[in-house]
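Just so you know, these numbers use all the heavy atoms, side chains as well, and skip hydrogens, waters and symmetry mates. Throughout, protein chains are lettered first and strands after them, A, B, ... in sequence-line order, and every chain is numbered starting at 1.
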2 protein chains.
Amino acid sequence: MGMNPTVKDIAAKLNLSTSTVSRALTDHPDVKKETKRLVLKLARELDYQPNPIALSLKKNRTYILGVIIPETSISFFSKAISGIQEVASKAGYQVMICSSHDSVDIERQNVQTLLNSRVDGLIISVSRETQDVNHLARILDKRLPTVFFDRICEELQSTQVVADNFAITFRATEHLITTGRKRIAYIAGPQNLYNSRKRLEGYKAALQKYKLPIDDDLIIASHYEGENVKTYTDYLFNLNRQIDAIFAINDRTAIEMIHLIKQRQVKVPEDIAVVGFNNERFSAFFDPPLSSIDHPAFEMGKTATELLLQHIADDQFPIQKKVIKSDLIIRESSFKS
Amino acid sequence: MGMNPTVKDIAAKLNLSTSTVSRALTDHPDVKKETKRLVLKLARELDYQPNPIALSLKKNRTYILGVIIPETSISFFSKAISGIQEVASKAGYQVMICSSHDSVDIERQNVQTLLNSRVDGLIISVSRETQDVNHLARILDKRLPTVFFDRICEELQSTQVVADNFAITFRATEHLITTGRKRIAYIAGPQNLYNSRKRLEGYKAALQKYKLPIDDDLIIASHYEGENVKTYTDYLFNLNRQIDAIFAINDRTAIEMIHLIKQRQVKVPEDIAVVGFNNERFSAFFDPPLSSIDHPAFEMGKTATELLLQHIADDQFPIQKKVIKSDLIIRESSFKS
DNA sequence: CTGTTAGCGCCTTCAC
DNA sequence: GTGAAGGCGCTAACAG
């Protein structure tokens with residue numbers, strides 16, 4: 001094994017004490033210029049790197065941030081991770097990521113794992129199953145700096161970073177209404193998730209504003225990644241309610257629905273307008289190009305991390321609720337001029 | 001701060017020495033049953049968790065695996081990460097991920113960062129820019145267990161996990177040829193990457209087998225994520241070579257090309273057949289559904305990690321080269337029955 | 001300016 | 001069975 005050199009090794013070769021070497025290495029003023037020069041020279045030659053484990057033990061800080069998200073391979077979260085990494089690494093922090101796979105049980109384990117690892121702070125987006133939040137409350141009790149993002153827990157007093165869920169679905173629904181749609185189906189996410197609730201509220205509020213009826217039959221509570229899309233689609237057509245628009249909780253669902261709608265010889269957007277959510281990289285190239293909502297994943301990750309670092313630096317840093325703006329991208333699936 | 005209890009704390013409360021407590025906690029045989037019971041009980045009450053930092057310092061192992069990949073948010077790599085995490089966490093390892101953002105300079109930093117963090121092993125997929133591999137050779141010199149996957153370095157003597165790049169492009173090209181295509185354009189990845197080279201070889205070999213000419217004008221060396229797709233497409237049409245098929249290095253490029261081809265009133269697959277690479281989640285729902293190659297990302301991540309863990313457990317474990325099979329998924333963009 | 005001592009939390013001889 | 005001592009690598013307080 002190419003063992004790493006230690007302060008002791010350097011001290012021995014130079015006939016110095018470890019303290020002097022340590023001081024020279026950390027640029028302490030009380031070291032003779034010549035001594036410092038020698039130490040630094042040898043350190044470079046040996047490719048000395050301070051052992052972060054030893055430093056952690058001493059300083060009781062690991063310079064590691066823990067992240068708990070439902071799934072690394074979901075595009076929203078993988079982009080958020082990019083944002084988290086960017087801010088963290090600039091600040092000299094490492095990141096340790098755990099996926100809950102949308103299971104509370106695994107989420108509980110993740111919390112335990114990261115607490116055991118003595119991370120300096122935590123960034124969390126809760127699982128789809130999370131209702132009981134005791135394991136999360138425990139973190140806050142320990143006063144470990146923590147930021148929730150996207151899938152937050154409203155009942156927990158902590159810093160949060162969310163998208164403008166209500167406003168953006170309101171705006172997208174309004175877009176459908178003002179372009180002449182009247183019976184707009186809504187494929188909702190699981191209603192225990194903060195996001196999904198707020199988004200559904202935005203949809204309903206827009207209908208109300210324009211005095212359109214809220215028809216519960218047209219609201220489908222789906223799972224996250226568009227399972228059973230065929231079932232929903234068949235259901236909507238069998239209703240015989242002459243729906244003229246569909247607003248889906250994610251692009252995956254929207255795209256599969258368009259596929260199924262076209263198979264029925266129904267036209268998009270002429271007969272049915274479709275809007276998705278997430279603005280996936282491919283959505284612009286569909287036929288027709290998919291209107292969607294740009295969910296600011298990268299920026300949410302960045303902001304969450306910035307806030308977390310401030311909490312770590314200052315334990316008096318006040319709790320914050322940050323809202324990141326989403327963007328409605330109108331393409332041909334919802335409106336053809 | 002909710003300070004974590006230590007062995008010392010438990011020892012003090014029980015009027016025992018730290019050694020005894022330590023022994024009780026690690027289930028050492030030389031401890032009186034009653035003593036052990038008391039220690040375990042108190043440990044549970046205080047929610048004692050051993051400090052992994054201290055353990056690391058002692059054992060000179062961190063139980064952390066380092067991962068260096070080009071970009072967390074590219075779907076292939078985010079799926080590979082899932083596979084890595086799955087195996088690692090089952091074995092009690094944490095994972096520390098760094099993105100090189102396809103830059104050698106950042107990759108060098110990543111190596112340094114992870115070496116400094118004293119990870120127990122390393123999983124690497126090199127950046128697009130990586131030509132000089134000194135920084136990677138250094139890792140092997142240190143005898144740090146390391147596995148390369150997908151984007152490997154052929155010149156480095158180390159364990160590797162790759163897809164059957166040659167075989168699968170050969171097979172896809174053969175599929176195009178046997179369904180009647182003769183002038184097949186190929187959008188290649190950067191040729192310094194192992195994958196891209198092997199794939200291009202597979203394409204050429206298939207043409208040769210069927211005695212079709214290799215026309216360099218039809219081979220375009222692109223970047224990873226389909227930049228300049230419009231330029232390539234215009235170029236191919238302006239060639240006036242009557243191309244009847246396109247094999248693209250990724251689905252993103254394939255899909256955008258189909259979009260552009262359709263705008264020219266040219267039909268897919270009747271006039272031009274298209275095959276992509278990666279089998280993205282959306283590709284089945286395009287119009288027409290995209291033929292693609294299923295690149296076994298998750299499994300490659302799993303396999304790489306399993307091999308790494310074996311290297312860590314046994315430093316005599318011999319170097320391995322594993323090939324994971326890809327799958328050709330034929331949909332309507334390449335063949336309509 | 002430099003060295004000695006002590007301690008971060010844990011485990012592992014060695015001694016009784 | 002149990003305790004005391006020492007050390008993993010580093011730094012900070014205390015002496016000179």
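Across every non-hydrogen atom of B/Ser125 and B/Asp150, the tightest pair is OG-CB, 3.9 Å. In terms of heavy atoms, B/Gly66 sits closest to B/Leu114 at CA-CD1, 3.9 Å.
Under the 4.0 Å criterion applied to side-chain N and carboxylate O atoms, A/Glu34 and A/Arg37 are assigned as salt-bridge partners. Look at A/Asp105 and A/Arg108 and you find a salt bridge, because one of the NZ, NE, NH1 or NH2 atoms lies within 4.0 Å of a carboxylate O, short of that distance.
No hydrogens or angles were tested; on distance alone, nothing pairs the side chain of B/Thr35 with the base of D/dT2 as donor and acceptor under 3.5 Å. Contact of A/Arg118 with C/dG9 (side chain to base): no donor-acceptor pair of N or O atoms is detected under 3.5 Å.
Shown here is A/Lys322, whose NZ atom has no more than 12 heavy atoms of other residues, nucleotides or ligands within 6.0 Å.
Remark: the A/Ser127 side chain and the A/Asp102 side chain contain no N/O donor-acceptor pair separated by less than 3.5 Å.
Protein atom CG of B/Asp9 is 13 Å distant from nucleotide atom C1' of C/dC10, rounded to whole Å. Taking atom OH of residue B/Tyr63 and atom C1' of nucleotide C/dC10, one finds them 14 Å apart after rounding to whole Å. Between the CG atom of B/Leu25 and the P atom of D/dG1 there is a distance of 18 Å, given to the nearest Å. When rounded to the nearest whole Å, the span between CG of A/Asn60 and P of D/dA12 equals 14 Å. Taking atom CG of residue B/Leu57 and atom C1' of nucleotide C/dC8, one finds them 9 Å apart after rounding to whole Å. In this entry the distance linking CG of B/Leu14 with C1' of D/dT2 reads 13 Å, nearest Å. For the pair A/Gln49 CD and D/dC10 C1', the computed distance is 15 Å after rounding to whole Å. Regarding A/Arg61, its CZ atom lies at a distance of 16 Å from the P atom of C/dG9, rounded to whole Å.
For B/Lys32, the side-chain atoms get nearest to D/dT2 when compared with the rest of D/dT11, D/dG9, D/dT2. Listed candidates were C/dC10, D/dC10, D/dC8. Nearest to the side chain of B/Pro50 is C/dC10. For B/Lys8, the listed nucleotide lying nearest its side chain is C/dC8; candidates were C/dT2, C/dC8, C/dC10. Counting only heavy atoms from C-beta on, B/Arg23 has its side chain closest to D/dG3 among D/dG3, C/dT2, C/dG9. Residue A/Asp30 has its side chain nearest to C/dT2 when only D/dG1, D/dC10, C/dT2 are considered. For A/Thr6, the listed nucleotide lying nearest its side chain is D/dG9; candidates were D/dG9, C/dC10, C/dT2.
Between A/Lys59 and A/Lys33, the residue anchored nearer the 5' end of DNA chain C, judged by the nucleotide with its closest heavy atom, is A/Lys33.
Residue-level contact check: A/Lys58 touches the bases, meaning some heavy atom is under 4.0 Å from a base atom. The residue B/Ser19 sits close to a base: some heavy atom pair falls under 4.0 Å. No engagement by A/Ile53 is indicated, since no non-hydrogen atom pair under 4.0 Å with the nucleic acid exists. Base engagement by A/Ser22 is indicated by at least one non-hydrogen atom pair under 4.0 Å involving a base atom. Backbone-only contact: A/Asn51 has heavy atoms under 4.0 Å from sugar-phosphate atoms and none from a base. Residue-level contact check: A/Ser56 touches neither bases nor backbone, having no heavy atom under 4.0 Å from any strand.
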Quiz item: Given A/Leu65 and A/Ile312, is the side-chain contact (heavy atoms from CB on, under 4.5 Å) satisfied, shown in steps?
Solution: CA-CA 10 Å; A/Leu65 305 182; A/Ile312 291 174; 3.6 Å; yes
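Considering only heavy atoms from C-beta on, A/Phe148 comes within 4.5 Å of A/Leu156 through its side chain.
In this structure, B/Arg61 forms a cation-pi arrangement with B/Tyr63, its terminal cationic atom sitting closer than 6.0 Å to the ring centre and no more than 45° off the ring axis.
Comparing the local axis fitted to the first five base pairs of the helix from C/dC1-D/dG16 to C/dC16-D/dG1 with the one fitted to its last five gives a bend of 60°, rounded to 10°.
In terms of phosphate contacts, A/Thr20 brings no side-chain nitrogen or oxygen within less than 4.0 Å of OP1 or OP2 of C/dT2.
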